[in-house]
Amino acid sequence: MRTVRLIFLYVCANSKFTTMFAKEIYIKRRERLCERVDSGIILLPGNVDVSMNYPENTYTFRQNSHFLYFAGLDLQGLFVTIDSETRETILFADELTMDDIIWTGPKESFKEIAATCGIETVMPVKALETFIQKAKAKERTIHFLPPYRAETAIRLSQLLGIPVQEIKYKASERLIRAIVALRSVKGPEELIELEKAAEIGYKMHEAVMANALPGVTERELAAKAEYVALSKGTGISFPTILTQRGEILHGHDHGLTLEKGNFLVCDAGAESLSHYASDFTRTIPVGGRFTQRQKELYQIVLDANNKAFDLIKPGIFYRDVHLASCLVLAEGLKSLGIMKGDMKEAVAQGAHALFMVHGLGHMMGLDVHDMEDIGENYVGYDEEISRSPQFGLSSLRMGRRLQPGFVMTVEPGLYFIPALIKKWQSEKKLTDFLNYEKALDYVGTGGIRLEDDVVVTESGNRMPGKKRLPITPEEIEGLY
Ligand code: GLY
Ligand code: MN
């Protein structure tokens, strides 16, 4: 049987097609994009359905986030072109065939749909080829983004006459920079949607915390989180990490049964109905009671998380917030005898990265790692600051100076990764700062990560949503 497209059902069978925001918002966004790109034609391809295991069994449709941002049309198979000089904007879309109507239901004409995002001109998709040929004949620049899906890369290759393996290298840096500048600063309408995603994320974690008892399986808990995400939003914003092996950073296996004495890491977030993301991590002792050792380690990560919130405000480099948070972590590890010496120097030399191998956080918006499809360094770094090659710091996705309206994650972590500790020990790396025998004694504790989301305000920061998820040891123990 032909697959029913869930998105089509949502917008067609139940209601009149509508974009998330008023059309004036999309018109304004496109105007601001044209001002920055200044010349040439901007080509924005939407996403198409992607097959899972045979052609008509497709993954749930997810629209391209840039397409959503500038056109708001959550439907597959569309293209938009914007002439940055004349401002002429065209939607390329094919009207439904009778077959489409039979299998996926009727909907309005694309003329009506285009009007919902302020686009007046609609042409069939096959007209795009001629449109591009004419533009090329006039030596107009065609600006496009590096594609992250094979389907888009192939289509762009056909349209532009560029070999498919070269497409991503021919992407427009001017367009990338313009989009990063616009999408990095969230508008009030976006902050409302991020709040909704946060609320769903909270409920996901509450469902996990309420059931994290010995004998329950990780799979059952992951399902509880994802049930909330699917019943209140469009689903998860990234594959759920729910594991007692928290030292495996992106471990997606849910094969273990919860055992007393273990930490459980749950890193999970939701996508709101408008596709805005949340991303939270909580680490809890199975059954809700910390051992003394667990509590000591946990408090270090909590202090590192809180330190970031003390500092986040416009003007500060996020790399400096990362380093300040790492210093708190290192001082805590020194107090336990795992690190030694001068902790400022230890952090400068990257010794703490043995235990916190990743960065403090990333931008978040329509994508959980916002805009990373067009290049992490464009999103997190700029002409003022470039990415460090040092181990640990090199994994910091977001380092640049903060502005009001930025939304990021704050996610310090502490991990005892046996293979890494043994490797550094055998290399006698940074022995002035690291007590390897003591560190090996902590192997088996797993990992701890505490992640909140943050909105940069005019004067400081705030968390999205109505409240912070339980995070202090007292709050966690009080749940059980
Ligand atoms: N929450 C998963 C990540 O940030 O990579
Ligand atoms: Mn994250």
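Atoms within a ligand are numbered from 1 in the order they appear, just like the ligands themselves. Remember, predicted model here, so these are calculated numbers, not experimental data.
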TODO: Measure from NZ or CZ of R468 to the centre of the six-membered ring of F309, then state whether that distance is under 6.0 Å and the direction lies within 45° of the axis.
DONE: yes
Open item on the list: A cation-pi test, strictly: NZ or CZ of R400 under 6.0 Å from the centre of the six-membered ring of Y318 and no more than 45 degrees from its axis. Yes or no?
Closed with: no
Under 4.0 Å from any heavy atom of [X], which atoms of ligand 1 are there?
X    : value
H250 : 2 (C), 3 (C), 5 (O)
H362 : 4 (O)
H369 : 3 (C), 4 (O), 5 (O)

Task: Given F263, Y442, Y436, the one that forms ring-ring contact (aromatic ring centres under 6.0 Å, His included) with F416 - done: Y442
Task: Sole candidate of E190, E271, E193 that passes side-chain hydrogen bond (donor to acceptor under 3.5 Å, both in side chains) when paired with Y276 - done: E190
Task: Residue and atom name of the nearest protein heavy atom (relative to atom 2 (C) of ligand 1), distance in Å to one decimal - done: D267 OD2, 3.4 Å
Task: H362 near the Mn ion (ligand 2): N/O/S under 2.8 Å - done: yes
Kindly give the atom name of the N, O or S atom of [X] closest to the Mn ion (ligand 2).
X    : value
E411 : OE2
D279 : OD2
E451 : OE2

- [ ] Please round to the nearest 0.5 Å and tell me the distance separating atom OG1 of T240 and atom CD of E218.
- [x] 12.0 Å
- [ ] Measure centre to centre between the rings of H322 and F317, then say whether the value is under 6.0 Å.
- [x] no
